Colleague: 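The structure that follows is given in the form of C-alpha cells.
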Amino acid sequence: MSGISAVYILDQKGKILITRHYRADLPVNIHEKFQQKVLELDENHLKPIILEDDISFYHLRHNNLIFLAASKRNSNALVVFAFIYKLIEVFNEYFKEVEEESVRDNFVVIYELLDEMMDNGYPQTTEFKILREFIKTESHEMQKTKDTLDIKLPTAVSNAVSWRAEGIKYKKNEAFLDVIEKVNMLIGANGLVIKSEIIGSVRMKCYLTGMPELKLGLNDKALFDAQGRTTKSKTVDLDDIKFHQCVRLTRFENERAITFIPPDGEFELMSYRLDLAVKPLFMVEVVVESKSSTKMEYYVKAKSNFKAKSIANNVEIFIPVPCDAQAPTFRCGNGTVRYIPDRDSMAWSIKQFQGQKELLMKATFSLPTVVSPDRDNFKKAPISLQFEIPYLTVSGIQVRYLKIVEQSGYQAMPWVRYICLLYTSDAADDLLCVDLGGRRIIKKKK
C-alpha cells in the first residue's frame with residue numbers, strides 16, 4: 001500500500017479545522033479542490049472517493065464533520081477508510097461526542113493522536129487502550145518529567161502484541177462472550193419471505209491476568225468439512241467474516257481455528273453475515289377501516305412465532321398513519337401506544353412479549369375535512385419492529401468451547417450469552433405495506 005499524504009478534519013462547508021501532512025508531495029492548499037466539490041455538489045451526489053488532477057480524496061461524513069484523507073499515490077481505499085473509522089472510534093473514546101465543538105476544544109490531543117496513529121502515511125498504533133497510556137486528556141498534553149526526552153512509552157507499542165499491555169493483573173479471572181445477531185427481513189404482501197439476512201457479531205469482555213492464549217470453537221460447517229467429521233448437531237456456514245487484529249489469520253485459514261491473545265476489556269472479536277431463509281419471529285396484521293371521511297380506525301394483531309419458553313423484551317411496533325391524522329385514541333390490553341407525528345406513525349411498546357402469544361390493539365384517528373395530497377403515502381410505508389430476545393440466535397450458531405491458557409496456569413471462568421438484538425426491515429410493497437410479517441388491509445367506508 002502507498003501511504004496517505006495528508007489527513008484533514010473539515011466542517012460541513014469544507015473549511016479546515018485540523019490538518020496534518022505526513023509527506024511533502026502535496027501543495028498546502030490542495031484541500032481547496034475538495035472544498036470546491038463540497039460547495040458545488042449536493043451531499044447525496046458527492047462520491048466517497050474523488051480523483052482530481054491525479055490526487056485521490058477519500059472522505060467520510062460524521063455528525064457535522066468531514067474526515068478527509070488525500071493521497072498522490074495509488075493507496076488501498078479499504079485501508080484508508082478503515083483508518084478513518086478507527087480515528088473516529090478513538091476520538092469517541094476520548095471526547096464522547098465527535099463534532100465540531102469537541103474538535104475545537106481538543107485540538108492539542110487530536111494532533112498528538114494523529115502523530116501516534118500514523119507515521120509517514122502508514123497506520124501505526126490505533127488501539128485506544130494503548131494510546132490512553134501516554135496521551136492524557138485531563139491536561140491535554142504529555143506529562144512532563146525531569147528529563148523531557150525520557151518519556152516511557154507502553155511496551156505494547158513496540159511489541160508484536162500491540163493491542164495488549166504487559167503486567168495486567170486481576171484477582172478474579174473472567175471472560176464474557178456475547179453472540180449478538182441482527183436480522184433484516186423483507187416480507188411480501190402474500191406473507192412469504194422475499195429476503196432475509198443475519199448480521200452477527202461476537203463481542204468479548206476479558207479480565208484476565210498476563211498474556212493468555214484463547215481458543216474459540218464454533219459449530220462452523222467449514223471446520224467439520226475440513227476435518228472430515230460429521231455431527232448430528234446443526235452447523236452454520238459463515239460468510240463475510242471480519243476478525244479483530246488479535247486473531248491469528250494464518251491458523252484460521254489453515255485449520256479454521258480461532259486463536260488469539262485478547263485485548264484487555266471490551267472489544268469485538270469477529271463479525272459475520274448470513275443469507276439464510278428465516279421464519280419470521282413475529283407476524284403483525286393491520287386492518288384499517290375508514291368509518292367516514294373524517295374518521296379512521298386501526299385494528300392491530302401481533303403474534304409471536306418463537307418458542308413459548310422464550311420472551312422478547314422491549315418490543316416496539318411502528319405502524320404508519322396518514323400525515324394529517326390527529327386526535328388519536330388507543331386501546332390495548334398489553335403495553336402502551338403513543339403517536340409520533342414527526343414520523344407519521346404510532347408506536348406500540350410492549351415490555352415483555354412471550355412466545356406463541358397473540359396481542360390486540362385498536363387505534364382511532366380523526367382526519368381534517370381538507371384532504372392532504374400526501375394522505376395515502378402511509379399505505380406504502382413499512383411496518384417495522386424492534387426487540388431483544390435473550391438466549392436466542394436465529395442462525396443457530398453455537399459456541400462449542402472457549403479455552404483459556406496462560407503460563408502461570410490459573411483457572412479462568414468463561415461465560416457465554418446469546419442475544420437476538422434487533423429485527424428490522426427497510427422496504428415495503430407498492431400496494432400493500434408488508435414488513436416484518438406485517439400485513440395491512442385497507443377497507444373503504446361502506
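For clarity, every value in this text was computed on a predicted model and none was experimentally measured. Starting from 1, each residue takes its place in the sequence as its number.
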Colleague: Does a donor on one side chain sit under 3.5 Å from an acceptor on the other, for Q124 and Y122?
Modeller: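 No.
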
Colleague: Is W348 reaching over with its side chain to a backbone N or O of N334, donor-acceptor style, under 3.5 angstrom?
Modeller: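 Side chain of W348 to backbone of N334, a donor-acceptor pair under 3.5 Å: yes, one is there.
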
Colleague: Atom NZ of K351 and atom CG of N313: how far apart are they, to the nearest 0.5 Å?
Modeller: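 Between K351 NZ and N313 CG, I get 9.0 Å after rounding to 0.5 Å.
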
Colleague: Measure from the side-chain N and O atoms of E181 to the backbone N and O of S395, and report whether any donor-acceptor pair falls under 3.5 Å.
Modeller: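 Yes.
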
Colleague: Check whether NZ of the Lys or CZ of the Arg K403 lies under 6.0 Å from the centre of the six-membered ring of Y401 and within 45 degrees of that ring's axis.
Modeller: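 Verdict for Y401: a cation-pi partner in K403.
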
Colleague: Quick check: does any side chain N or O of Q354 sit under 3.5 Å from a backbone N or O of A308, one acting as donor and the other as acceptor?
Modeller: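 At least one qualifying donor-acceptor pair exists.
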
Colleague: Output, in order, the C-alpha distance, side-chain angles, deciding distance and verdict of side-chain contact (heavy atoms from CB on, under 4.5 Å) for K215 and I258.
Modeller: CA-CA 6 Å; K215 186 173 183 179; I258 304 174; over 6 Å; no

Colleague: Report yes if the side chains of F353 and L359 come closer than 4.5 Å at any heavy-atom pair, otherwise no.
Modeller: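 F353 vs L359: side chains touch.
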
Colleague: If you measure from the Lys or Arg side-chain nitrogens to the Asp or Glu carboxylate oxygens, is any gap between E89 and K86 under 4.0 Å?
Modeller: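 Yes, charged N to carboxylate O under 4.0 Å.
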
Colleague: Check the angle between the aromatic planes of H59 and F34 and answer parallel, tilted or perpendicular using the 30° and 60° thresholds.
Modeller: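 The rings of H59 and F34 sit tilted, inter-plane angle from 30° to 60°.
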
Colleague: K47 and I50: which non-hydrogen atoms are nearest, and at how many Å?
Modeller: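 The answer is O-CG1, 3.7 Å.
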
Colleague: Which is it for L177 and R203 under the side-chain contact (heavy atoms from CB on, under 4.5 Å) test, yes or no, and what are the steps along the way?
Modeller: CA-CA 6 Å; L177 189 145; R203 300 195 62 86; over 6 Å; no

Colleague: Is a donor on one side and an acceptor on the other found under 3.5 Å between the side chain of W163 and the backbone of I261?
Modeller: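 Flag set: sc W163 to bb I261 pair under 3.5 Å.
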
Colleague: I'd like to know if K295 and E289 make a salt bridge, using a cut-off of under 4.0 Å between side-chain N and carboxylate O.
Modeller: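 Not counted as a salt bridge, because no side-chain N and carboxylate O are separated by less than 4.0 Å.
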
Colleague: Report, as yes or no, whether the 6.0 Å neighbourhood of atom OH on Y391 holds more than 12 heavy atoms from other residues, nucleotides or ligands.
Modeller: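 No - once you tally the heavy atoms of other residues, nucleotides and ligands closer than 6.0 Å, there are 12 at most.
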
Colleague: Judged by atom type as modelled, is there a donor-acceptor pair below 3.5 Å linking the side chain of Q356 to the main-chain atoms of F306?
Modeller: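 Here the side-chain-to-backbone pair exists.
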
Colleague: Would you indicate whether Y85, at its atom OH, is surrounded by more than 12 heavy atoms from other residues, nucleotides or ligands within a distance under 6.0 Å?
Modeller: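 Counting other residues, nucleotides and ligands, OH of Y85 stays at 12 neighbours or fewer.
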
Colleague: When V90 is tested against each of I110, L113, T126, T125 for side chain to side chain contact (heavy atoms under 4.5 Å, CB included), which residue passes?
Modeller: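 Testing V90 for a side chain to side chain contact (heavy atoms under 4.5 Å, CB included) against I110, L113, T126, T125 leaves exactly one candidate, L113.
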
Colleague: Can you tell me if K33 has over 12 outside heavy atoms packed within less than 6.0 Å of its NZ?
Modeller: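 Result for NZ/K33: enclosed.
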
Colleague: Classify the ring geometry between F330 and F365 as parallel (under 30°), tilted (30 to 60°) or perpendicular (over 60°).
Modeller: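 Geometry flag for F365 against F330: perpendicular rings.
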
Colleague: F95 vs F91 aromatic rings, parallel, tilted or perpendicular, using cut-offs 30° and 60°?
Modeller: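 Ring orientation of F95 relative to F91: tilted.
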
Colleague: Before giving the answer on salt bridge (charged side-chain N to carboxylate O under 4.0 Å, His left out), spell out for R20 and D115 the whole-Å C-alpha distance, their side-chain angles and the decisive distance to 0.1 Å.
Modeller: CA-CA 8 Å; R20 179 67 174 88; D115 285 340; 2.6 Å; yes

Colleague: Calculate, to the nearest 0.5 Å, the distance between atoms OG and CD belonging to S292 and E297 respectively.
Modeller: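 These two atoms lie 9.5 Å from each other.
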
Colleague: Less than 4.5 Å apart, side chain to side chain, heavy atoms only: is that true for L367 and S290?
Modeller: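 Result no, sub-4.5 Å side-chain heavy-atom pair not found.
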
Colleague: Judged by modelled atom types alone, do E316 and S349 share a side-chain donor-acceptor pair under 3.5 Å?
Modeller: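 Present: a donor and an acceptor within the cut-off.
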
Colleague: Could you give me the CA-CA distance, side-chain angles and deciding distance for I18 and V103, then say whether side-chain contact (heavy atoms from CB on, under 4.5 Å) is met?
Modeller: CA-CA 8 Å; I18 298 287; V103 169; 3.7 Å; yes

Colleague: Can you confirm whether more than 12 heavy atoms, excluding those of E101, are under 6.0 Å from its CD atom?
Modeller: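 Not more than 12 within 6.0 Å, no.
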
Colleague: Of all heavy-atom pairs between R417 and I419, which one has the smallest distance, and what is that distance?
Modeller: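 Between these two residues, the closest heavy atoms are NE-CD1, 3.7 Å.
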
Colleague: I'd like to know if the side chain of E100 pairs up with that of Q12 as donor and acceptor (distance under 3.5 Å, no hydrogens or angles considered).
Modeller: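 Distance-only check fails for E100 and Q12.
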
Colleague: Using modelled atom types only, decide if a donor and an acceptor are shared between the side chain of Y418 and the backbone of V399 within a distance under 3.5 Å.
Modeller: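 A pair under 3.5 Å: yes.
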
Colleague: Please check if the side chain of N63 supplies one atom and the backbone of E99 the other of a donor-acceptor pair under 3.5 Å.
Modeller: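 Not at all, since once roles are kept as given, no pair shorter than 3.5 Å links the two residues.
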
Colleague: If you apply the rule salt bridge (charged side-chain N to carboxylate O under 4.0 Å, His left out), what do you find for D220 with R256, and how did you get there?
Modeller: CA-CA 8 Å; D220 183 7; R256 299 293 290 191; 2.7 Å; yes

Colleague: Check whether any side-chain heavy atom of E213 sits under 4.5 Å from a side-chain heavy atom of T259, and report yes or no.
Modeller: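 Yes, side chains in contact.
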
Colleague: Taking the cut-offs as 6.0 angstrom to the six-membered ring centre and 45 degrees off its axis, would you call R343 and F318 a cation-pi pair?
Modeller: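 Yes, R343 sits over the ring of F318.
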
Colleague: What is the ring orientation for Y58 with F81, classed by angle as parallel under 30°, tilted 30 to 60°, or perpendicular over 60°?
Modeller: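 The rings of Y58 and F81 stand perpendicular, inter-plane angle above 60°.
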
Colleague: So, does T364 use its side chain to make a donor-acceptor pair with the main chain of T329 at under 3.5 Å?
Modeller: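 A pair under 3.5 Å: no.
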
Colleague: Holding to side chain to side chain contact (heavy atoms under 4.5 Å, CB included), I want the full list of residues that pass it with R400, two or more places apart in sequence or in another chain.
Modeller: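 If we apply the side chain to side chain contact (heavy atoms under 4.5 Å, CB included) test to R400, skipping adjacent residues, the hits are N219, L223, F224, R229.
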
Colleague: Assess whether a salt bridge exists between D240 and K242, defined as any Lys/Arg side-chain N lying under 4.0 Å from an Asp/Glu carboxylate O.
Modeller: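 So D240 does not pair with K242 through a salt bridge.
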
Colleague: If you take the centroid of each ring, where Trp contributes its six-membered ring, are F260 and F243 closer together than 6.0 Å?
Modeller: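 Judged by ring-centre distance (under 6.0 Å), F243 and F260 do not meet the cut-off.
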
Colleague: Is the side chain of N106 donor-acceptor paired with the backbone N or O of V109 at a distance under 3.5 Å, no angle test?
Modeller: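 Absent.
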
Colleague: On a heavy-atom basis, which atom in C206 and which in P262 lie closest, and how many Å separate them?
Modeller: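 Minimum heavy-atom separation between C206 and P262: SG-CB, 3.7 Å.
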
Colleague: What are the two closest non-hydrogen atoms of M283 and N305, and how far apart are they?
Modeller: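 In terms of heavy atoms, the two residues are closest at CG-ND2, 3.3 Å.
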
Colleague: Should the pair Y94 and F128 be assigned to parallel (<30°), tilted (30 to 60°) or perpendicular (>60°) ring geometry?
Modeller: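 It falls in the perpendicular class, over 60°.
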
Colleague: Mark yes or no for whether N314, through its side chain, and F387, through its backbone, hold a donor-acceptor pair below 3.5 Å.
Modeller: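 It does not hold such a pair.
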
Colleague: Should the heavy atoms of other residues, nucleotides or ligands under 6.0 Å from CD of E358 be counted, would the total exceed 12?
Modeller: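 Atom CD in E358 is packed in, count exceeds 12.
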
Colleague: side-chain contact (heavy atoms from CB on, under 4.5 Å) between I404 and L208: does it pass, once the steps are laid out?
Modeller: CA-CA 9 Å; I404 304 171; L208 301 171; 4.2 Å; yes

